[in-house]
Amino acid sequence: MNLLGEPGVGLSGGPGTPVPNVAEARAVTSGQVWGLLIVLLLLTTSQVWGHGHQPRDVVTGALGPFPAALGSAAPVAPERVVRRPSGFDEALVHGLYVRETDSSSGMTAVDVRTGREYWRYERPASAAGVHTYDVSERTVVVVFGDGRLVGVDLRTGKPLWHVDIQHATSFRTTELAGGQAITEAPGAVRAFAERDGRSLWTVRTPKSCTDVLMITAYALPGHLTLVPVACNAASVDKDEYNLLLGIDNRTGKVLWQQRTAAPRLMVKGGAHTLVIPDPDNPPAIHILDVNRRGATARTLTNADTWDAVAAGGGVVLSAIDPGDRSEEVHDTLVRAYGARDGHLAWQLRAPTGQEFGFPEIADGRVYVVRQPFLTGTDTGRRIRADLLVLDSDTGRPLHTLPLPAMTVPDENRGLDVRAVADGAVSIGWRDHDGGVLIATD
């Protein structure tokens, strides 16, 4: 047994530590209070011994009432831009725009309607800052560079729990899937309860996969969680390969494991379908049927969708540059392929001198930005673009929203649709920490 109470696992970082409830602390007797103070003092001392002195985390709590969602689904016909927050990596949920703080030492949630900060949670002592995070309708789970995972309540901004996982490499990932926060550990994949941080299961990867980079996680029907990982991606002396794990998310039992093409390009094409472009053999596309019994390659298609960027409702989208005439890539086609057979369903071509950003699919509609050709010489120029809404089955245009003029930043690669959720669409510059447009009905 190790510190987790798990036989033979041998990994540091135990169950999540809940944040103390003040009301409960006040209710105990005076003797219990002194006992609690002693325990807290010992815990603080142990943290100082293990991690060095850390100042108190910044927790503002909710600054006002919880905002109402902008809508119950994706906007049918977005008509206006509500707000221009700043930041690159962000999540859009329930009328909030969740992103890293400017110092990358924590998270903040901004009210989309007002542009005002709703809550802030920071760990100033974490020099490595935020590595990544994921957001559900209830919880924000943050991974810090020092190995700490923190669960934060979406409504209040208050930390719910934390757990420390030592990691030998510089990357850390987390995904919320099926009520579980899933992350990697040395030679393993681990899952914690989303709301209280309880350690749920630990899956050891093969001995040949000691350095684990989790790419994502999908919760499928039948208590099946799919976890694609890259093995030894940061090692120069070990065989690098990609592995897909099928895990029973109740017990953590590995039902099956299978090597795959690059999981970084994987998209979920349906409830039991994965579409995996193969960058080593373009334009090969692997389509897998997955269930608790295993993953079966149903077809291998030779479409030009190796740069697939979105999927949903049985459709896989790809932004295409058929000319590929220079180092400047201009995606002048959006193509849709059926996830069942890989056959071309429809395509939309941009007018001369224009190109598309990366699209997204939500509620049977495709959202994509159409913009002028952009090159390195356009830095500082103001451009106008349009948000297009298409029917995902046919590609038929449903709506067009002209976007406000935006100034092209340095090293820009165009405007992409970043997220579609709760009646709003977020749009921003690719690979750039710049302004983001929020469009809604």
Side-chain angles (χ1 to χ4, degrees), residues 4 6 9 11 13 16 131-136 139 141-143 147 149 151 163 165 167-169 171-194 197-235 239-278 286-297 311:
L4 298 175
E6 299 168 340
V9 174
L11 298 175
H131 266 212
T132 187
Y133 65 92
D134 201 12
V135 181
S136 73
T139 316
V141 175
V142 193
V143 180
L149 278 72
V163 63
I165 297 180
H167 207 301
T169 58
F171 47 73
R172 291 174 180 85
T173 319
T174 188
E175 291 286 335
L176 287 169
Q180 300 179 355
I182 303 173
T183 188
E184 70 267 283
V189 175
R190 300 194 61 188
F192 301 90
E194 173 185 334
R198 285 177 296 113
S199 179
L200 299 177
W201 48 262
T202 299
V203 167
R204 297 287 296 187
T205 52
K207 292 182 178 179
S208 60
C209 184
T210 54
D211 296 325
V212 183
L213 171 59
M214 190 185 79
I215 305 302
T216 188
Y218 300 117
L220 273 60
H223 301 289
L224 173 65
T225 292
L226 299 181
V227 182
V229 300
C231 293
N232 309 323
S235 300
D239 179 30
E240 179 181 349
Y241 63 95
N242 305 301
L243 189 65
L244 181 63
L245 302 172
I247 301 170
D248 186 313
N249 55 31
R250 297 166 298 182
T251 64
K253 178 183 178 181
V254 178
L255 302 173
W256 50 265
Q257 58 187 24
Q258 179 173 317
R259 293 200 181 196
T260 68
R264 294 174 183 83
L265 304 176
M266 178 184 297
V267 292
K268 185 168 174 283
H272 295 280
T273 306
L274 294 180
V275 181
I276 313 177
D278 189 347
H286 303 265
I287 299 180
L288 301 182
D289 282 330
V290 290
N291 53 40
R292 289 178 62 87
R293 295 184 298 275
T296 304

(request) Any chance you could lay out the side chain to side chain donor-acceptor pair (under 3.5 Å) test for Ser208 and Tyr241, step after step, and finish with the verdict? (result) CA-CA 10 Å; Ser208 60; Tyr241 63 95; 2.7 Å; yes

Hey, are the side chains of [X] and [Y] touching, using non-hydrogen atoms and a 4.5 Å cut-off?
X      : Y      : answer
Val229 : Ile215 : no
Met214 : Pro228 : no
Thr225 : Ile182 : yes
Val189 : Arg204 : no
Val142 : Leu149 : no
Ile165 : Phe192 : yes
Val135 : Leu176 : no
Asn242 : Cys231 : no

Where do [X] and [Y] come nearest, in terms of heavy atoms and distance?
X      : Y      : value
Ala217 : Val227 : CB-CG2, 4.3 Å
Gln258 : Ala295 : OE1-O, 3.0 Å
Gly178 : Ala219 : N-CB, 3.6 Å
Gly269 : Ala311 : CA-CB, 4.2 Å

Is [X] reaching over with its side chain to a backbone N or O of [Y], donor-acceptor style, under 3.5 angstrom?
X      : Y      : answer
Asn232 : Cys209 : no
Thr260 : Leu243 : no
Gln180 : Ala191 : no
Trp256 : Asn291 : yes
Thr174 : Val143 : no
Asp289 : Thr273 : no
Glu175 : Ala181 : no

Atom [atom1] in [X], atom [atom2] in [Y]: separation rounded to 0.5 Å?
X      : Y      : atom1 : atom2 : result
Leu200 : Asn249 : CG    : CG    : 9.5 Å
Arg292 : His272 : CZ    : NE2   : 11.5 Å
Leu244 : Ile276 : CG    : CD1   : 6.5 Å
Lys268 : Leu274 : NZ    : CG    : 8.0 Å

(request) Could you walk me through whether Lys207 and Asp239 pass the salt bridge (charged side-chain N to carboxylate O under 4.0 Å, His left out) test, one step at a time? (result) CA-CA 11 Å; Lys207 292 182 178 179; Asp239 179 30; over 6 Å; no

(message) Under the side chain to side chain contact (heavy atoms under 4.5 Å, CB included) test against Trp201, which residue among Ile247, Asp248, Thr251 passes?
(response) Ile247

(message) Counting only heavy atoms from other residues, nucleotides and ligands, does the tally under 6.0 Å from CZ of Arg293 exceed 12?
(response) no

(message) Could you tell me if Thr183 and Arg190 have a donor-acceptor pair between their side chains, going purely by distance under 3.5 Å?
(response) no

